[in-house]
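Since the structure comes first, as structure tokens, the remarks are kept for the end.
Just so it is clear, the values below take in all heavy atoms, side chains as well, and ignore hydrogens, waters and symmetry mates. A, B, ... follow the sequence lines: proteins, then strands. Residue 1 opens every chain.
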There are 2 protein chains.
Amino acid sequence: MDNEIGQEIADALGILLKRTTRAHLHQRLTEGMGEAVDDVTYPVLSALARTGPRSAADLAHDVGVDRSGVTRRASRLETAGLIRREPDPTDRRAHLLVLTEEGRLVVAELRARLADHITTSLSSWPPGEAETFARHLRRFTAEGPFV
Amino acid sequence: MDNEIGQEIADALGILLKRTTRAHLHQRLTEGMGEAVDDVTYPVLSALARTGPRSAADLAHDVGVDRSGVTRRASRLETAGLIRREPDPTDRRAHLLVLTEEGRLVVAELRARLADHITTSLSSWPPGEAETFARHLRRFTAEGPFV
DNA sequence: TATTGTTATACTCTATAACTATA
DNA sequence: TATAGTTATAGAGTATAACAATA
């Protein structure tokens with residue numbers, strides 16, 4: 001057997017996927033953004049920022065919950081003023097979830113903080129290796145064992 | 001700003017850390033191992049296999065829950081016959097959680113399946129790049145933004 | 001006094017199943 | 001019929017706070 005590499009990656013993923021990882025990271029990075037922004041609601045904001053206005057059913061797969069879960073998260077975000085619901089002009093059953101201006105600012109700020117945080121943690125790496133790692137990690141998530 | 005790399009890694013992590021990732025992966029890999037083995041209880045088994053018998057309070061940090069959480073998971077695993085509780089000879093307040101023979105077999109099998117699964121998904125990578133990625137990922141989890 | 005394992009409690013988040021409105 | 005958003009419900013998992021036993 002030659003599974004050393006697989007084993008090494010599996011062990012590292014075990015640490016990354018610990019339940020507390022997301023929560024701790026977000027807790028540290030969401031300072032001053034209000035209670036509505038946490039590791040549960042951020043994927044909704046992030047997906048809207050990445051792809052533009054979407055319906056709840058459409059977002060469900062990206063976020064990793066079903067449409068009732070998207071509805072609940074959207075309601076929290078709407079109350080906080082970070083998104084708004086608009087009727088879908090092409091389908092009167094559906095609503096589009098749209099980032100408000102404040103929502104856009106929050107996403108931009110949190111994305112910047114997260115990227116900064118990661119960049120800082122890579123600052124001691126040899127030149128070029130961080131780039132290589134980023135490329136590999138992207139490929140791994142795109143075609144890796146989770147797909 | 002030169003946060004392209006940080007941003008790229010952040011986006012990839014967003015996919016990796018999706019709530020459903022762990023659950024789906026485990027669901028696919030725990031075929032035939034009984035109901036007690038899932039993404040919630042596996043970290044307990046895995047930590048015991050890695051470090052030997054431990055107390056619940058001692059395991060809590062590794063697993064990412066508090067000691068009451070370890071107790072609950074341990075009770076499920078004990079009922080399933082995968083671990084047993086033994087008195088700690090050095091501290092009569094504590095119990096050591098110990099893998100049974102069946103527990104050892106389950107961990108070994110699941111570790112092998114996981115490593116195989118990852119190795120397979122990397123089989124199309126250029127020679128040497130998987131090794132590089134594994135090394136980078138280990139370093140990233142050891143000293144990265146989560147520490 | 002402090003820490004151990006355990007349990008009861010309250011809380012959060014989830015999927016499922018309903019419901020109404022529209023395709 | 002099927003799918004949209006929403007809501008009530010039940011289930012799983014958690015942290016917190018208690019408890020008795022031991023350090």
Euclidean distance, atom [atom1] of residue [X] to atom [atom2] of [N] [Å, nearest integer]:
X	N	atom1	atom2	answer
A/R22	D/dG13	CZ	P	15 Å
A/H95	C/dT20	NE2	P	17 Å
A/L96	D/dA4	CG	P	13 Å
B/L59	C/dT4	CG	C1'	14 Å
B/Y42	D/dG13	OH	P	18 Å
A/R76	C/dT12	CZ	C1'	9 Å
A/R72	D/dA10	CZ	C1'	13 Å
B/H26	D/dA12	NE2	P	19 Å

The residue, A/S75 or A/T20, whose nearest nucleotide of DNA chain D is more 5′ is A/S75

Inset, instruction - Answer with base, sugar-phosphate or nothing: what part of the nucleic acid does B/R19 contact at a heavy-atom distance below 4.0 Å? - result: sugar-phosphate

What's A/V70 touching, base or sugar-phosphate or nothing? Going by heavy atoms closer than 4.0 Å.
nothing

Going through the checks in order, is the side chain to side chain donor-acceptor pair (under 3.5 Å) test met by A/T71 and A/R85?
CA-CA 11 Å; A/T71 289; A/R85 287 174 160 99; 5.0 Å; no

From the options [options], select the nucleotide whose nearest atom is closest to the side chain of [X].
X	options	result
B/T71	C/dT14, C/dT7, D/dT6	C/dT7
A/D66	C/dT16, C/dC13, D/dT16	C/dT16
A/A57	C/dG5, C/dC13, D/dG5	D/dG5
B/S68	D/dG13, C/dT7, D/dG5	C/dT7

- Message: Tell me whether B/R73 contacts the main-chain N or O of B/V40 through its side chain, where contact means a donor paired with an acceptor under 3.5 Å.
- Response: yes

B/T100 side chain vs B/L82 backbone, donor-acceptor pair below 3.5 Å: yes

So, is B/R67 near the phosphate of D/dA15, with a side-chain N or O under 4.0 Å from OP1 or OP2? no

Inset, instruction - Could you tell me how the ring of A/F140 sits relative to the ring of B/W125: parallel (under 30°), tilted (30 to 60°) or perpendicular (over 60°)? - result: perpendicular

Salt bridge present between [X] and [Y] (N-O < 4.0 angstrom):
X	Y	result
B/E143	B/R139	yes
B/R19	A/D39	no
A/E131	A/R135	no

Residues in residues 82-94 of chain B with a heavy atom under 4.0 Å of DNA chain D, by number, are B/D91, B/R92, B/R93

Judged by nearest nucleotide, the residue sitting upstream toward the 5' end of DNA chain C, B/E78 or A/G69, is B/E78

